[in-house]
Amino acid sequence: MERVEIPERIDYVGKFTEIIRSHWKAKQNKNQPFSEILSSISLDWREKELMSEQILSVLFSTKFVSLLTESEIGSNKGFFSDASARLSFKFLPPVDEPNELRTHFDQLFCNKKDYQWVKAIPDSNWAEFLSSLFKEVNPAIKRYIEKEVLNSILILAQRAATLGVDPEVASKIPKVDDLDSPFLGLNREVMLYVEKNLNYTDYTLTDRNDDYKHILVMISQCKSQISYIYRHKDIFGISLQLTYQVRQIEQYLKRLAQLLEILQTNDPNRQWLTITQLLKEFVYAENTKYSLRKHFSTNLQLLTFKVIENTSKTGEHYIASDKSAYWKLFGKAIGGGVIVAFLCMNKTRLYFQHLPIFWEAFFYSLNYSIGFILIHILGFTIATKQPAMTASTIAANLSNNGENPNWLHKTTQLLIRLIRSQFISLIGNAVIAFPVAYALDWIYFRMMGYHIADPAKAIRLIAELNIWESLALPHAALAGFYLMLSGLISGYYENKWIYNKYTARIKKHRKLVRLFGQERLNRMAGYFERNFGGLAGNFFLGIFLGSTSAVGFTFGLPLDIRHITFASGNFGLAVGGLENNVSTDLWLNSIIGIAGIGFMNVIVSFGLSIAFALKSRNARPSEVKSLIGNLSWQFFHHGLAFFFPVKNPADVNEELPEALPNRHL
């Protein structure tokens with residue numbers, strides 16, 4: 001007896017997604033926008049019915065909770081634990097649960113770039129397609145779907161409440177752990193709403209709408225509590241753990257509101273639009289759930305938000321808005337350049353001690369750190385530190401998702417003032433470091449009978465400035481990275497001081513009160529509150545600059561640093577060491593080299609700081625393009641303002657013409 005092969009049931013849904021996916025990959029839809037792909041695929045009524053039947057069959061036989069409550073909602077495992085889990089799942093994926101909707105969802109959108117074409121189709125097209133696909137739904141299936149959504153709503157409310165009353169969050173919000181907490185209130189309202197929907201046969205539409213409105217009020221109050229944390233982060237600081245938790249609460253509240261709207265809205269079009277938004281979120285989340293790149297990007301945004309937001313008070317002192325502040329910055333840069341000349345002298349003398357590599361790096365780092373801290377204490381400036389310290393000031397002036405309507409003008413003017421301040425500070429640092437270092441060498445020679453740098457060392461110092469024949473520019477870029485990193489460290493420690501309430505703890509420390517007296521101790525605590533971040537950043541900057549060469553030597557890598565102010569000071573020592581026997585070519589190459597080093601220092605430090613500021617606020621690419629376009633327009637029309645305070649500020653208050661969007665900047 002021959003065996004009869006029964007043909008497998010056609011997977012209409014899978015075939016449909018494969019058609020769209022192939023169009024996206026091949027870009028075959030050249031004469032028609034891809035956004036219209038749904039309407040261009042012709043399906044007869046029978047095919048639509050079969051697709052609908054297959055989808056509803058899956059929905060009726062699976063659990064929704066995992067997909068609705070976990071997809072695209074951050075994990076609280078911790079940075080390294082989460083990264084390790086993602087990496088392990090890349091090589092050995094977890095076991096799929098056949099009764100979970102999330103499993104079938106993954107199988108349908110199995111290509112890791114499906115989220116691209118799903119996102120490319122407008123919400124309105126998706127909503128229209130889905131509404132035509134599910135014109136009629138069996139009441140039993142509809143009740144089952146509603147039950148699963150209600151279960152998910154209940155879990156979301158409970159998780160939001162758990163995080164909302166967590167000690168890490170509760171300590172930052174007044175009365176949040178009391179019985180009248182909006183998070184606990186939200187949980188109670190949702191429990192009643194779900195209980196009545198599932199078990200009360202006399203639960204009228206009016207009562208249901210009233211309860212829904214109460215829940216929306218509670219969600220609004222919870223969001224207000226979260227806003228309170230953001231508004232007062234400069235008062236009590238913010239930790240990475242707290243940032244994780246706050247972001248999770250926001251995601252839970254958002255998803256809760258979306259699911260409630262699906263159940264409650266009387267407008268079918270609005271309902272399908274909300275479902276479409278969730279569909280796009282789920283596809284993106286599931287396609288990238290094991291992505292290390294996404295993990296690092298998300299955590300980088302959280303980290304930059306935590307760190308950058310706490311340097312604004314320091315950064316404001318680095319931006320000159322008028323002539324008085326402009327020349328004041330020049331004076332501070334002069335002071336910084338003088339101290340750097342002494343640091344150059346001390347480092348060169350340390351070089352001739354021929355210490356073991358570890359101790360050489362140790363004393364080089366100590367030399368830099370003490371010098372930078374002294375510059376900070378005396379109120380002087382190192383020009384290239386300015387961009388790193390002003391990142392949060394820049395971030396605060398961005399659009400912030402529409403909250404700052406005049407952001408483009410404000411940010412452009414801020415950057416103009418920053419560039420101008422950077423320019424005069426660079427001039428002040430570089431111009432004074434050379435003559436002071438030269439004078440120090442002259443004094444040293446008169447006292448000791450020999451120069452700070454012997455001819456061999458002097459020639460080497462000059463050779464290090466030659467951007468054509470040395471690695472001066474890459475080394476300057478590395479110094480720029482360190483300058484940016486020191487700014488982040490300053491923000492980190494400033495936040496850490498505030499978050500841990502060190503000021504209040506010092507003021508109440510009994511032994512310190514007896515040792516210094518309450519009044520003096522209060523002044524000390526206040527000083528460290530204002531300056532601890534800056535002192536820490538300068539200390540670590542010194543370690544970075546002083547140890548890089550030793551690290552490079554240890555690993556056989558050509559690592560070193562170049563900084564414009566130190567380059568100018570070293571050139572002064574070299575000219576003195578060679579007793580002015582420097583050719584015109586060497587003078588010219590050295591001046592070009594110093595300028596190039598300064599340019600690279602600023603570009604890298606400035607660029608990375610701006611990138612971190614934009615990342616911390618999740619700025620859109622269109623905002624970045626608009627900002628660059630407006631800044632370029634201002635440079636060509638008001639170039640002098642980038643280097644010197646103009647007499648009439650109104651002259652540079654023009655914004656890029658409205659034609660900007662049409663120019664695709």
Side-chain angles (χ1 to χ4, degrees), residues 318 333 336-337 340-341 343-344 347 364 368 372 375 381-391 394 415 418-434 437 460-489 537-538 540-549 551-552 557-572 574 586-614 628 631-632 635 642-643:
Y318 289 87
V340 166
L343 299 182
C344 292
K347 183 186 175 186
Y364 278 1
Y368 281 123
F372 291 145
I375 289 171
T381 62
I382 295 293
T384 47
K385 277 183 64 66
Q386 288 170 282
M389 298 304 295
T390 54
I394 297 166
L415 289 176
L418 175 58
I419 293 170
R420 183 167 66 217
S421 303
Q422 180 75 165
F423 170 76
I424 193 60
S425 297
L426 281 170
I427 296 297
N429 280 165
V431 165
I432 197 64
F434 174 85
R460 182 178 175 183
L461 289 174
I462 292 177
E464 289 173 347
L465 303 179
N466 192 323
I467 61 174
W468 321 111
E469 299 178 1
S470 73
L471 296 175
L473 293 183
H475 291 163
L478 184 57
F481 171 75
Y482 288 151
L483 290 160
M484 178 278 301
L485 190 59
S486 72
L488 294 182
I489 290 173
N538 282 299
F540 281 101
L541 177 61
I543 293 176
F544 297 149
L545 298 184
S547 59
T548 297
S549 179
V551 172
L557 300 173
L559 297 179
D560 208 340
I561 58 95
R562 297 288 178 269
H563 186 278
I564 179 173
T565 316
F566 287 91
S568 178
N570 287 336
F571 186 50
L586 286 180
W587 271 96
L588 184 60
N589 277 335
S590 297
I591 292 173
I592 292 173
I594 292 170
I597 289 170
F599 178 78
M600 188 61 71
N601 288 157
V602 173
I603 287 297
V604 174
S605 178
F606 187 83
L608 290 176
S609 299
I610 295 294
F612 271 82
L614 295 171
I628 294 174
L631 198 64
S632 303
F635 181 79
F642 284 73
F643 305 101

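Residues Ile375 and Ile382 form a side-chain contact, since some pair of their non-hydrogen atoms from C-beta on lies under 4.5 Å apart. Looking only at side-chain heavy atoms (C-beta outward), Asp560 and Thr548 stay at 4.5 Å or farther from each other. Contact check for Phe599 versus Ile467: no side-chain heavy atoms found under the 4.5 Å cut-off. Annotation: side chain of Ile564 is not in contact with side chain of Asn429 (no heavy-atom distance under 4.5 Å). Two residues are said to be in side-chain contact when any heavy atoms from C-beta on lie closer than 4.5 Å; Leu478 and Tyr482 meet this criterion. Between Ile427 and Phe643 the shortest side-chain heavy-atom distance does not fall below 4.5 Å. Annotation: side chain of His563 is not in contact with side chain of Val340 (no heavy-atom distance under 4.5 Å).
Between Thr565 atom OG1 and Leu343 atom CG the span is 10.0 Å, to the nearest 0.5 Å. One finds the OH atom of Tyr368 at 4.0 Å from the CD1 atom of Ile561 (value rounded to the nearest 0.5 Å). For the atom pair CG of Asn570 and CG of Leu465, the computed distance is 7.0 Å after rounding to the nearest 0.5 Å. Atom OG of Ser421 is separated from atom CG of Leu426 by 11.0 Å, given to the nearest 0.5 angstrom. With values rounded to the nearest 0.5 angstrom, Trp468 atom CH2 is found 5.5 Å from Ile592 atom CD1. From His475, atom NE2 reaches atom CG of Leu559 across 6.5 Å, with rounding to the nearest 0.5 Å.
The heavy-atom pair separating Ala574 from Ile462 by the smallest distance is CB-CG1, 3.6 Å. Between Leu541 and Ser486 the shortest heavy-atom distance is CB-CB, 3.8 Å. Annotation for Ala477 and Met600: closest pair N-CG, 3.4 Å, computed over non-hydrogen atoms. What you find for Ser425 and Ala333 is that their closest heavy atoms are O-CB, 3.3 Å. Closest non-hydrogen pair, Ser568 versus Ile594, comes out as CA-CD1, 3.9 Å. Closest of all the heavy-atom pairs between Val604 and Phe481 is CG1-N, 3.6 Å.
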Test log, rule side-chain contact (heavy atoms from CB on, under 4.5 Å), inputs Ile489 and Phe544: CA-CA 12 Å; Ile489 290 173; Phe544 297 149; 3.7 Å; yes
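Using cut-offs of 30° and 60° on the angle between ring planes, the pair Phe571 and Phe434 is tilted.
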